[in-house]
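Shown next, in structure tokens, is the structure this report addresses.
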Amino acid sequence: MDDLGRYGLWAPGRIWPDGAEDVAAVAREIEGLGFGAFWVGGSPGDDLGIVDAILGATSTLVVGTSIVDIWTSNGERLAASHQRIRDAFPGRFYLGLGSGHAVTAEGLGQAYTRPLSRLKELLNGALAGVPADERMIAALGPRTLQAAGELTAGALPYLMPPAHTAEARRILGDGPLLVPEQKVFLGTDPGVARRAGRRALKPYLALPNYTRQLATFGLDEADLAGDGSDRFIDSAVVWGDDAAVRAGIDAHLDAGADHVAIQVLTEAGSPRELPLAEWRRLAALLGLRS
């Protein structure tokens, strides 16, 4: 697999433009800014068409999904999509899988299956033909992190602090990839930064798979209640001047991450369109080529 570099971008596939030329122009700019990878969030569909479009417009950028939802995806279609992309762009795509939110399965009226059991079922079944070093899984807890190290190229933790990254590296050992996601807000006003953070983070406070993990890293019940405390927001979103933002991102690398998938927030919270201006500024403060 091609080198990820130290820094990548994370954004939902749904906020990419519709036109092929527009997608190509954005993809080429991301590569030109010096980011090593782009992580397609927001549970992209099994066809993975946005992955084809980004890879087809670039020559060195690595693309990964972060993540395809195991509750709503069809394993056979996903395997076929992976093979198509692998044939066209060898060494440049990671198929990232995750349980999303377990309530999804219940909402779809499915019989309850433990998320890790479903992950293993897919990895050893419909996706068994996907090479282990070309697939990753969203992993928070110890058992899922262990499975990531044993069955895939590594782990894609989401919404976790650098202390979790350190623990994940301890569990994974030295070999597997560790690619945490980190939210950033490029601004120094505490009120504006925290409002943006709350808009993006509030949905996760209703999801016990996240809150259980966050509570093990210095947060208490009051921090994770309602809209979340300032302490929670400040732990989940890196904001401040350029030096503070870089230090917050690099804290994951110092804790053992191989690469950080950076999700840029805007004043609206999670952006509704690609935050190109913010990505350009982020590349500059990280010292990437322009």
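Because the structure is a prediction, the values reported are computed rather than measured. Each residue takes its place number in the sequence, starting with 1. Only heavy atoms go into these numbers, but all of them, side chains included; no hydrogens, no water, no symmetry mates.
In this structure, the separation between NZ on K120 and CD1 on I70 is 12.0 Å, given to the nearest 0.5 Å.
Taking 4.0 Å as the cut-off between side-chain N and carboxylate O, R194 and D234 count as a salt-bridged pair. A salt bridge is absent between E278 and R281: the closest approach of a Lys/Arg side-chain nitrogen to an acidic carboxylate oxygen does not fall below 4.0 angstrom. Using a cut-off of 4.0 Å between Lys/Arg side-chain N and Asp/Glu carboxylate O, R28 and E31 are scored as not salt-bridged.
Sorted by first then second residue, the side chain to side chain donor-acceptor pair (under 3.5 Å) pairs that include residues 11-21, not counting sequence neighbours, number zero. For residues 163-185, every residue pair satisfying the ring pair (Phe, Tyr, Trp, His ring centres under 6.0 Å) rule, not counting sequence neighbours, is listed here: H164-F217.
Side-chain N or O atoms of R143 include none that pairs as donor or acceptor with a backbone N or O of L116 at under 3.5 Å. Side-chain atoms of R84 come within 3.5 Å of backbone N or O of D47 as a donor-acceptor pair. Side chain of D242 to main chain of L285: no donor-acceptor pair is present (N/O by atom type, distance under 3.5 Å, no hydrogens or angles). Side-chain atoms of R198 do not come within 3.5 Å of backbone N or O of G269 as any donor-acceptor pair.
For D22, the side-chain contact (heavy atoms from CB on, under 4.5 Å) criterion is met by P17, not counting sequence neighbours. Take T152 and apply the side-chain contact (heavy atoms from CB on, under 4.5 Å) test, not counting sequence neighbours, and it matches L123, R135, I137, A148. Partners of K202 by side-chain contact (heavy atoms from CB on, under 4.5 Å), not counting sequence neighbours, listed by chain and number: D227.
Side-chain contact check for D189 and W239: no donor-acceptor pair (N or O, by modelled atom type) lies under 3.5 Å. Side-chain polar atoms of D87 and Q83 form a donor-acceptor pair below 3.5 angstrom. When only modelled atom types and interatomic distance are considered, T188 and D241 share no side-chain donor-acceptor pair under 3.5 Å.
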Anything under 3.5 Å between a donor and an acceptor, one on a side chain of residues 248-267, the other on a protein residue two or more places apart or in another chain? List them.
residue: D250; atom: OD1; partner: Y7; partner atom: OH; Å: 2.6
residue: D250; atom: OD2; partner: R246; partner atom: NE; Å: 3.2
residue: H252; atom: ND1; partner: T165; partner atom: OG1; Å: 2.7
residue: H252; atom: NE2; partner: Q182; partner atom: OE1; Å: 2.7
residue: D258; atom: OD2; partner: R169; partner atom: NH2; Å: 2.7
residue: D258; atom: OD2; partner: L178; partner atom: N; Å: 2.8
residue: H259; atom: ND1; partner: L4; partner atom: O; Å: 3.3
residue: H259; atom: ND1; partner: G5; partner atom: O; Å: 2.9
residue: H259; atom: NE2; partner: G8; partner atom: N; Å: 3.3
residue: H259; atom: NE2; partner: W39; partner atom: NE1; Å: 3.1
residue: Q263; atom: NE2; partner: Y158; partner atom: OH; Å: 3.2
residue: Q263; atom: NE2; partner: E181; partner atom: OE2; Å: 2.8
residue: T266; atom: OG1; partner: A268; partner atom: N; Å: 3.4

Check the pair F93, E134 against side chain to side chain contact (heavy atoms under 4.5 Å, CB included), reporting the backbone distance first and the verdict last. CA-CA 7 Å; F93 174 56; E134 296 180 20; over 6 Å; no

